[in-house]
Amino acid sequence: MTTLSAPATTRRRRAKAPGGAAGLWTATPMTRLVLAVTIIISAFPLYYMIVIASRTNTEATDMPPPFLPGGKLGENIQRVLSNPDAHYLTGLTNSLIIAATVTVSVVLISTFAGFAFARLNFRGGKVLLLLVLLTMMVPLQQMGIVPLYRLMVSLEWVGSIKAVILPYLLNGFGVFLMTQYTQQAVPNELVEAARVDGASTLRIWWNVVLPAVRPGMAVLGINTFMLIWNDFMWPLIVLTPDNPTVQVAINSLNAKYGTDYVLIFSGTLMSILPLIVVFIAFGRQIIGGLMEGAVKA
């Protein structure tokens, strides 16, 4: 009598089961179709942006509209960079400095605060967390814009990128997100074990907490970078026309007596390149965090 090994038995059982193991890993034709349609719908605006950015204004407004790229992309980009009213390169540089500074500040402060609220016992911790949550209910852009502007005038920062950086160095959503993520990703027993080994609070945060919450930091970093990069209202108010951010510079590409669609699309196309780079850099951390959560579940 032949006895099957455990792996062989498992393989045969999977083969006999309805759908088999392949049902867990192989997508059905309908799933593939839905995913393909979703990708096409999501990518079409970006593709059409490239089409318009590589055409002339006459071709861009033709009926029916063009659906294939033209050969004017390099010329149109040169027009954007040389536009005297937009100061596009200055805006691009300012946006990179502002978004990078704010993202690093928000991620680090939120991670440290999240660790404190989630795993450190101190008097008034719940009250402070409640106050942080209350700040999320106040629309800063609408209710705080006048006092913020008066503050920047008092500091003599109007026209400087410091006026754009300061209000965004910390936000309640980041603290709340990292508090919840730390509670799930860092067991209290792990923190207690590190304390027994003689680690200080700062060393626990650096060696124990940070490696565990990297996926959450990546998500927060991408969201913060995109939020600051796309901000338009506050930089428009507090900065001067010759020292803009990239979104204000794109708005300045409008012609005085008409809309230069090709110029705007070309500037917008260049403005999304840093966002793509950031997503590529941190996307693996997000996917890794999702997979880790799926395995734990």
Side-chain angles (χ1 to χ4, degrees), residues 85-118 120 122-182 216-217 219-254 267-268 271 274-275 278:
D85 298 323
H87 303 281
Y88 192 87
L89 283 179
T90 302
L92 196 63
T93 304
N94 287 342
S95 288
L96 284 172
I97 295 174
I98 294 169
T101 303
V102 171
T103 299
V104 172
S105 173
V106 167
V107 171
L108 290 181
I109 296 177
S110 298
T111 304
F112 198 86
F115 166 56
F117 286 127
L120 299 181
F122 58 95
R123 183 177 299 178
K126 293 183 179 179
V127 176
L128 289 176
L129 182 59
L130 179 61
L131 292 176
V132 170
L133 296 179
L134 289 176
T135 62
M136 298 171 58
M137 304 178 186
V138 179
L140 181 63
Q141 288 280 13
Q142 289 75 23
M143 296 185 62
I145 205 161
V146 173
L148 272 178
Y149 186 79
R150 294 185 62 181
L151 175 62
M152 298 309 156
V153 171
S154 301
L155 296 174
E156 298 181 353
W157 284 4
V158 175
S160 172
I161 62 174
K162 294 183 291 185
V164 183
I165 294 174
L166 181 63
Y168 298 113
L169 288 178
L170 176 63
N171 64 67
F173 172 75
V175 174
F176 173 73
L177 174 66
M178 296 312 300
T179 299
Q180 298 299 311
Y181 198 91
T182 303
M217 294 172 65
V219 173
L220 178 60
I222 289 178
N223 288 339
T224 303
F225 192 93
M226 292 180 61
L227 177 67
I228 301 302
W229 185 267
N230 293 323
D231 190 23
F232 174 76
M233 185 176 179
W234 178 241
L236 178 65
I237 293 173
V238 80
L239 295 180
T240 55
D242 59 342
N243 190 36
T245 59
V246 68
Q247 304 303 330
V248 179
I250 292 174
N251 182 67
S252 301
L253 292 173
N254 273 317
T268 305
S271 73
L275 297 179
V278 169

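Only a predicted model underlies this, so the values are computations on that prediction, with no experimental measurement involved.
- For the side chain to side chain contact (heavy atoms under 4.5 Å, CB included) with Thr111, the qualifying choice from Ile109, Val107, Leu108 is Val107, the only one to do so.
- Ring orientation note: the planes of Phe225 and Trp229 are close to parallel, at an angle under 30° on the 30°/60° scale.
- Taking both residues in full, the closest heavy atoms of Ser160 and Leu239 are given as O-CD2, 3.3 Å, listed atom of the first, atom of the second, then distance.
- No side-chain heavy atom of Tyr181 sits less than 4.5 Å from a side-chain heavy atom of Phe176.
- A donor-acceptor contact shorter than 3.5 Å is absent between the side chain of Trp234 and the backbone of Leu148.
- At distances below 3.5 Å, at least one donor-acceptor pair connects side-chain atoms of Asn94 with backbone N or O atoms of Pro244.
- A side-chain donor-acceptor contact under 3.5 Å links Thr101 to the backbone of Ile97.
- The distance from atom CG of Leu129 to atom CG of Leu134, rounded to the nearest 0.5 Å, is 9.5 Å.
- Within the 4.5 Å cutoff, no side-chain heavy atoms of Asp231 are placed close to those of Gln247.
- Side-chain contact check for Leu170 versus Ser105: every heavy-atom pair is 4.5 Å or farther apart.
- In this structure the side chain of Val278 reaches within 4.5 angstrom of the side chain of Ile222, judged on heavy atoms.
- Side-chain contact between Lys162 and Leu155: absent, with no pair of heavy atoms (C-beta onward) separated by less than 4.5 Å.
- Contact check for Phe232 versus Thr245: no side-chain heavy atoms found under the 4.5 Å cut-off.
- Here the OG1-CZ distance, from Thr182 to Phe115, works out to 8.5 Å after rounding to the nearest 0.5 Å.
- Under the 3.5 Å distance criterion, the side-chain polar atoms of Tyr88 are matched with a main-chain donor or acceptor of Gly267.
- Taking each heavy atom of Leu220 and Thr224 in turn, the nearest pair found is O-OG1, 2.7 Å.
- A donor-acceptor pair is defined here as one N or O able to donate and one able to accept, closer than 3.5 Å; no such pair exists between the side chain of Ser252 and the backbone of Ala86.
- In this structure a side-chain-to-backbone donor-acceptor pair under 3.5 Å is present from Ser271 to Thr268.
- Surrounding CZ of Phe112 are more than 12 heavy atoms belonging to other residues, nucleotides or ligands, all under 6.0 Å away.
- One distance of note links CZ of Phe117 with CD of Gln180; it measures 12.0 Å at 0.5 Å rounding.
- Tyr168 places none of its side-chain heavy atoms less than 4.5 Å from the side chain of Leu227.
- Residue Pro235 comes nearest to Val164 through the heavy atom pair CG-CG1, 4.1 Å, listed as atom of the first residue, atom of the second, then distance.
- Not a single donor-acceptor pair under 3.5 Å links the side chain of Thr90 to the backbone N or O of Asn243.
- The CD1 atom of Ile228 sits 10.0 Å away from the OG atom of Ser95 when rounded to the nearest 0.5 Å.
- The side-chain heavy atoms of Pro167 and Met152, taken from C-beta on, include a pair separated by under 4.5 Å.
- Minimum heavy-atom separation, Val175 to Ser110: N-OG, 3.5 Å.
- Under the 3.5 Å distance criterion, the side-chain polar atoms of Thr135 are matched with a main-chain donor or acceptor of Val132.
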